[in-house]
*Asks:* 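Take a look at the following structure, please.
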Amino acid sequence: MSLVGKVAVVTGAAQGIGRGIALRLAHDGADLVLVDINQDRLADVRAEILALDRRVITLAADISARDQVFSMIDRTVAQLGGIDIMVNNAGVAQVRPLLDVTGEDMNRIFQINVNGTLWGMQAAAQAFRKLARKGKIINACSIAGHEGYAFLGVYSATKFAVRGLTQAAAKEFAPYGITVNAYCPGVVGTDMWVDIDRRMAEATGAEIGATYRKYVSGIALGRAETPDDVAAFVAWLASADSDYMTGQSVLIDGGMVFR
Ligand SMILES: NC(=O)C1=CN([C@@H]2O[C@H](COP(=O)(O)OP(=O)(O)OC[C@H]3O[C@@H](n4cnc5c(N)ncnc54)[C@H](O)[C@@H]3O)[C@@H](O)[C@H]2O)C=CC1
Ligand SMILES: CC(=O)C(C)=O
C-alpha cells in the first residue's frame with residue numbers, strides 16, 4: 001500500500017502489460033488514469049480498479065500525437081488533482097526484414113514508440129514542475145533495447161532510443177527531483193507476442209507458435225513472462241523505495257540478456 005495518495009497515469013492500459021501495471025499500482029494504493037487509443041477494453045480495466053476502491057478515469061489518446069498527450073495530462077490534473085507517476089507503456093512491435101523496411105515503416109513505429117515516450121516524459125515533467133512534485137517517469141523498454149533482434153530490427157532501434165532518452169531525461173530532470181527509469185521485459189505472453197509470432201511465421205515460413213517457443217526455450221527460468229512479473233518491478237519503480245535510482249533501463253526477462 002506504498003502508493004496511497006498518489007496519482008498514476010498508465011498508457012496502453014487497455015490490455016497486456018499496461019493493464020497489469022495499472023491493476024498492481026491500484027492494488028498498492030494509487031489512483032489511476034487509464035490511457036489508450038483503444039477505448040473498447042478500457043472499461044473492463046476501469047471496473048476492476050473501481051472494485052479495488054480506487055479513483056480511476058479513462059482517457060482516449062494516441063500517444064504519437066503530442067497535443068493529445070499534453071491534453072491528457074491536463075485532464076489528469078484537473079480531474080484527480082495532480083500526477084505523481086507517469087508510465088509510458090504504450091507501444092507497438094513491427095516484424096520486418098531490414099531489407100524490406102520502408103520510410104513509412106520507420107515513421108510509424110518511431111512516432112509511437114519513441115515520439116510517444118518523449119511526449120509523455122515532456123508532459124509529465126512539465127506537470128511535476130508546475131505542481132512542485134518530485135514525480136516518477138517510468139518507460140517501457142525491452143530486451144530489444146539492449147540487443148537487436150532479427151526481423152525486429154526497427155522495433156529494437158526504437159527501444160534503444162527509449163533507453164537513450166531515459167538516460168538523457170534522468171540527467172536533465174534530476175535537479176527537479178524527478179527520476180526517470182525504464183523496464184526491459186523479455187517475452188511476455190500478450191497480444192503483442194501473438195502478433196509477433198504470426199508475422200514471424202509469415203516472414204520465415206515457420207509454423208505458428210514456433211518462434212514463441214524458440215524464444216521461451218532460451219529463458220533461463222524456463223517460462224514466459226507474465227504482465228504481473230513486469231508490474232511487480234514497475235510497482236517498485238513507482239514507490240519511494242526507488243528514489244535513489246534514475247536513468248536505468250533494467251532487464252527483467254527471466255534470464256535472457258545478461259548485461
Ligand atoms: N509483450 C512483450 O513481450 C514485450 C513488450 N514490451 C513493451 O511493453 C509495452 C506493452 O506491450 P504489450 O502489453 O505486450 O502490448 P499490447 O499490444 O498487448 O498492448 C499495447 C497497448 O497499447 C495500446 N496502444 C498502441 N498504440 C498506441 C498509441 N499510439 N496510443 C495509445 N495507446 C496505444 C494498444 O491499444 C494496447 O492496448 C510496449 O511498449 C512493448 O514494446 C517490451 C518487452 C516485451
Ligand atoms: C516484444 C518484445 O520486446 C520482445 C523482444 O519480445
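On a predicted model such as this, the values are computed, not experimentally measured, just so you know. Remember, it's 1-based here, ligands and their atoms both numbered in the order they're listed. For this chain, numbers begin at 1 and follow the sequence in order.
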*Asks:* Count the heavy atoms of every other residue, nucleotide or ligand shown that sit under 6.0 Å from CZ of Phe258, and state whether that count exceeds 12.
*Replies:*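 Count over threshold, so yes.
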*Asks:* Would you say Gly18 and ligand 1 have an N/O pair spaced under 3.5 Å apart?
*Replies:*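 Looking only at distances, the answer is no, because the N/O contact criterion of under 3.5 Å is not met.
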*Asks:* Using the benzene-type ring in the case of Trp, are the ring centres of Trp193 and Tyr212 under 6.0 Å apart?
*Replies:*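 Judged by ring-centre distance (under 6.0 Å), Trp193 and Tyr212 do meet the cut-off.
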*Asks:* Any nitrogen or oxygen of Asp36, side chain or backbone, less than 3.5 Å from one on ligand 1?
*Replies:*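 Yes, there is a polar N/O contact under 3.5 Å.
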*Asks:* Between Asn89 and Tyr183, does the side chain to side chain donor-acceptor pair (under 3.5 Å) criterion hold? Intermediate values first, please.
*Replies:* CA-CA 9 Å; Asn89 169 78; Tyr183 49 99; 2.9 Å; yes
*Asks:* When you check the gap from the basic side-chain N to the acidic O, do Asp191 and Arg198 get nearer than 4.0 Å?
*Replies:* no
*Asks:* Just do the salt bridge (Lys or Arg N to Asp or Glu O under 4.0 Å) check on Asp44 and Arg19 with the steps written out, would you?
*Replies:* CA-CA 10 Å; Asp44 293 342; Arg19 170 181 174 273; over 6 Å; no
*Asks:* As an exercise, identify every atom of ligand 1 less than 4.0 angstrom from a heavy atom of Asn38.
*Replies:* 35 (O)
*Asks:* Report every pair formed by an N or O atom of ligand 2 and a protein N or O atom separated by less than 3.5 Å, giving atom names and the distance to 0.1 Å.
*Replies:*
residue  : atom  : partner : partner atom : Å
ligand 2 : 3 (O) : Ser142  : OG           : 2.7
ligand 2 : 3 (O) : Tyr155  : OH           : 2.7
ligand 2 : 6 (O) : Gly186  : O            : 3.2
ligand 2 : 6 (O) : Trp193  : NE1          : 2.7

*Asks:* Heavy-atom distances under 4.0 Å are what count here, so tell me which part of Ala13 touches ligand 1: side chain, backbone, both or neither.
*Replies:*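 It is neither; nothing of Ala13 touches ligand 1.
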*Asks:* Verify, without hydrogens or angle tests, whether Ser156 (side chain) and Tyr149 (backbone) share a donor-acceptor contact under 3.5 angstrom.
*Replies:* yes
*Asks:* Can you list the ligand 1 atoms lying under 4.0 Å from a non-hydrogen atom of Gly16?
*Replies:* 13 (O)
*Asks:* I need the atoms of ligand 1 closer than 4.0 Å to a non-hydrogen atom of Gly186, numbered in the order shown.
*Replies:* 3 (O), 43 (C), 44 (C)
*Asks:* Take atom CZ of Arg108 as the centre, draw a 6.0 Å sphere, and report whether it contains more than 12 heavy atoms from other residues, nucleotides or ligands.
*Replies:* no
*Asks:* Under 4.0 Å from ligand 1, counting heavy atoms only, is it the side chain of Val187, its backbone, both or neither?
*Replies:* backbone
*Asks:* Taking a cutoff of less than 4.0 Å between a non-hydrogen atom of the residue and any ligand atom, is Arg19 in contact with ligand 1?
*Replies:* no
*Asks:* Got a sec: does the CG of Asp100 have more than 12 other heavy atoms crowding it under 6.0 Å?
*Replies:*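 More than 12 heavy atoms, drawn from other residues, nucleotides or ligands, come within 6.0 Å of this atom.
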*Asks:* Considering Asp191, Val69, Asn89, which one's heavy-atom position lies nearest to atom 10 (C) of ligand 1?
*Replies:*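 Answer by nearest heavy atom: Asn89.
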*Asks:* Which of the numbered atoms in ligand 1 are under 4.0 angstrom from any heavy atom belonging to Ala61?
*Replies:*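 With Ala61 as reference, the close atoms of ligand 1 come out as 30 (N), 31 (C).
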*Asks:* Kindly confirm or rule out an N or O of Ile63 lying under 3.5 angstrom from an N or O of ligand 1.
*Replies:* yes
*Asks:* Tell me the nearest of Val87, Asn88, Thr190, Asp40 to atom 12 (P) of ligand 1, using heavy-atom distances.
*Replies:* Thr190
*Asks:* Taking the side chain from Lys159 and the backbone from Ala140, do they hold a donor-acceptor pair closer than 3.5 Å?
*Replies:* yes
*Asks:* Are any of the N or O atoms of Ile17 closer than 3.5 Å to those of ligand 1?
*Replies:* yes
*Asks:* Out of Ile252, Val188, Asp253, Ile196, who is nearest to atom 2 (C) of ligand 1 when you count heavy atoms only?
*Replies:* Val188
*Asks:* Need the ligand 1 atom indices (1-based, order shown) with element for anything under 4.0 Å from a heavy-atom of Ala140.
*Replies:*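 Every atom of ligand 1 under 4.0 Å from some heavy atom of Ala140: 39 (O).
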*Asks:* Using a 4.0 Å heavy-atom threshold (strictly under), name the region of Pro185 that reaches ligand 1: side chain, backbone, both or neither.
*Replies:* both
*Asks:* Would Ser64 count as a polar contact of ligand 1, with the cut-off being nitrogen or oxygen pairs under 3.5 Å?
*Replies:*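 It does not: no N or O of Ser64 is found under 3.5 Å from an N or O of ligand 1.
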*Asks:* In ligand 1, which numbered atoms sit nearer than 4.0 Å to a non-hydrogen atom of Ala14?
*Replies:*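 Matching atoms, with element in brackets: 37 (O).
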*Asks:* Backbone or side chain, does any N or O of Asp62 fall under 3.5 Å from an N or O of ligand 1?
*Replies:*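 Right, the criterion is met.
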*Asks:* Check for me whether Gly116 has a heavy atom closer than 4.0 Å to any atom of ligand 1.
*Replies:* no
*Asks:* Could you list which atoms of ligand 1 come closer than 4.0 Å to a heavy atom of Gly12?
*Replies:*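 Counting atoms of ligand 1 from 1, those under 4.0 Å from Gly12 are 21 (C), 22 (O), 23 (C).
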*Asks:* If we set the cut-off at 4.0 Å for heavy atoms, which region of Arg41 has an atom near ligand 1: side chain, backbone, both, or neither?
*Replies:*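 Within the 4.0 Å criterion, Arg41 makes no contact with ligand 1.
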*Asks:* Does ligand 1 have any atom that is closer than 4.0 Å to a heavy atom of Cys141?
*Replies:*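 The answer is yes, since Cys141 has a heavy atom less than 4.0 Å from ligand 1.
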*Asks:* With a 4.0 Å heavy-atom cut-off (strictly under), which part of Ala93 contacts ligand 1: side chain, backbone, both or neither?
*Replies:*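 It is neither part, as no heavy atom is under 4.0 Å.
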*Asks:* When only distance counts, is Tyr155 in polar contact with ligand 1, meaning an N/O pair under 3.5 Å?
*Replies:* yes
*Asks:* Tell me if the CZ atom of Arg133 is crowded by more than 12 foreign heavy atoms within 6.0 Å.
*Replies:* yes
